[in-house]
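Atoms considered below: every heavy atom in the structure, side chains included; atoms not considered: hydrogens, waters and symmetry mates. As the structure is a computational prediction, the values presented were derived from the model and not from experiment.
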There are 2 protein chains.
Amino acid sequence: MSGSERPDLDFWSFVALANRRLAEEYGFGHQLATEVLLTLNRASDLVTYDLEAAVHRPRGRSWSAFRLLFVVWLAGPLEPSGAARLTGMSRAAVSNLAKGLVGDGLLARTPDERDGRSVRLSLTAAGQAEMVDVFREHNEREAGWTAVLTEAEQRILVMLLDKLITGHREFEARNRR
Amino acid sequence: MSGSERPDLDFWSFVALANRRLAEEYGFGHQLATEVLLTLNRASDLVTYDLEAAVHRPRGRSWSAFRLLFVVWLAGPLEPSGAARLTGMSRAAVSNLAKGLVGDGLLARTPDERDGRSVRLSLTAAGQAEMVDVFREHNEREAGWTAVLTEAEQRILVMLLDKLITGHREFEARNRR
DNA sequence: ACGAACTAGTCAATAGCTGAACTATTTCCC
DNA sequence: GGGAAATAGTTCAGCTATTGACTAGTTCGT
């Protein structure tokens with residue numbers, strides 16, 4: 001039975017199969033954890049891929065470039081290290097991306113007056129205009145994704161994900177001392 | 001006020017700030033959708049990065065390589081295209097990864113008897129042993145992440161993410177006709 | 001049974017990310 | 001005040017994954 005064909009396996013039946021085999025054949029103890037994280041990653045990948053392919057690639061922009069522009073747009077002039085923190089990218093990635101976006105005239109890099117090592121990233125007028133424009137489309141498509149959940153469900157989802165992130169960070173901090 | 005410094009901004013206060021500005025200054029209508037998807041991506045990135053850095057990189061294995069081995073391990077001998085579907089990667093990515101893993105002796109590639117174009121990927125004995133071993137550690141760390149949620153909360157989370165994925169796929173299918 | 005259309009897998013070129021080394025500035029401390 | 005340690009940002013080398021073109025094999029229609 002184990003070597004048989006499974007031509008019609010999709011993601012969900014795979015999760016079910018994995019659950020069963022991990023528990024019954026191998027005796028691993030945390031199947032629900034695996035299921036949660038498998039599903040979490042799948043959902044994130046699908047949404048991200050869809051938004052990038054539908055909204056950003058057609059305009060010649062990468063997903064990462066959008067994320068960087070997004071935080072600079074909304075969090076005002078920002079140091080590269082701050083942008084890296086908010087987006088979750090490395091400082092090197094921010095530096096490389098910013099180089100391209102400055103070249104395209106969307107981003108300005110002005111030296112910090114108080115700290116000669118530092119630099120502030122801000123949107124140019126063109127960058128501001130592009131973000132207002134592109135985010136309209138982005139936001140509509142986001143709404144298309146979340147529309148299958150009620151508002152209450154969406155709030156619960158945010159709350160649970162928040163708990164996952166925050167709770168684990170506290171756990172880490174406690175164990176690192 | 002808009003050009004002032006925000007040195008202590010973290011992810012959560014950024015989300016709050018973004019929410020406020022998108023609604024009040026720009027009048028976008030779907031802030032909750034943005035919040036849901038921002039949080040979803042953040043959670044997925046954090047978990048994935050943590051598991052890769054803590055469990056897989058130290059053993060010289062990439063996140064993608066683990067994902068491929070994982071589906072081949074549990075879904076039995078599998079065609080590359082099936083593995084691509086289950087992992088969400090491109091067929092080319094599977095092909096490239098498989099090349100390396102065959103070289104490392106973890107994966108076997110046997111030609112399909114019925115279809116001369118096709119190929120079956122399966123774990124070698126070494127690959128099987130490595131998966132049992134590495135998944136023990138992986139699963140423990142997964143459990144460390146989800147432990148901050150009760151079992152009921154974990155089930156709700158899976159259910160909501162499931163609804164997000166499945167509901168949207170149906171929406172897409174309906175609109176594509 | 002033959003050719004057209006389709007499908008599976010691989011290859012080549014490219015883009016993007018990471019970690020590590022490097023430069024320039026600032027802060028700390030004696 | 002002066003030198004050591006710390007910090008901000010950039011650059012570079014290496015790696016990974018993706019897209020698109022290509023090859024080989026299969027299926028379907030006539």
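- The distance from atom CZ of A/Arg61 to atom P of C/dG16 is 11 Å, rounded to the nearest whole Å.
- Atom CG of B/Leu107 and atom P of C/dG9 are 13 Å apart (whole Å).
- Atom pair A/Arg85:CZ and D/dG9:C1' shows a separation of 15 Å (rounding to whole Å applied).
- Taking atom CZ of A/Phe66 as the reference point, atom P of C/dG16 lies 16 Å away to the nearest angstrom.
- Atom OH of B/Tyr49 sits in a sparse spot, with 12 or fewer heavy atoms from other residues, nucleotides or ligands closer than 6.0 Å.
- Under the 4.5 Å side-chain criterion, counting only non-hydrogen atoms from C-beta, B/His30 is not in contact with B/Val36.
- Phosphate contact (OP1/OP2 of D/dT11, side-chain N/O of A/Lys99, threshold under 4.0 Å): present.
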>> Across nucleotides 12-28 of chain D, 5' to 3', mark each nucleotide with B, S or - according to how protein heavy atoms within less than 4.0 Å reach it.
In response: -----SBBB----BS--

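- A donor-acceptor pair under 3.5 Å is absent between the side-chain atoms of B/Glu130 and the main chain of B/Gly127, judged by distance alone.
- Within the structure, every pair that satisfies the ring-ring contact (aromatic ring centres under 6.0 Å, His included) test and touches residues 115-156 of chain B, not counting sequence neighbours, is listed here: A/Phe28-B/Phe135, A/His168-B/Trp145, B/His56-B/His138, B/Phe66-B/His138, B/Phe70-B/Phe135, B/Trp73-B/Phe135, B/Phe135-B/His138.
- Residue B/Leu78 contributes atom CG, which lies 14 Å from atom C1' of C/dA8 at whole-angstrom precision.
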>> One pair to check against salt bridge (Lys or Arg N to Asp or Glu O under 4.0 Å): B/Arg59 and B/Asp133. What are the steps and the verdict?
In response: CA-CA 11 Å; B/Arg59 297 172 179 248; B/Asp133 185 45; 3.1 Å; yes

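- Under the 3.5 Å distance criterion, with hydrogens and angles disregarded, a donor-acceptor pair is assigned to the side chains of B/Asn41 and A/Thr48.
- The phosphate of D/dT7 (OP1 or OP2) has no side-chain N or O of A/Ser81 nearer than 4.0 angstrom.
- B/Ser118 comes within contact range of the sugar-phosphate backbone alone, with a heavy-atom separation under 4.0 Å but no base atom that close.
- For A/Leu101 and C/dA15, the CG to C1' distance is 14 Å, given to the nearest whole Å.
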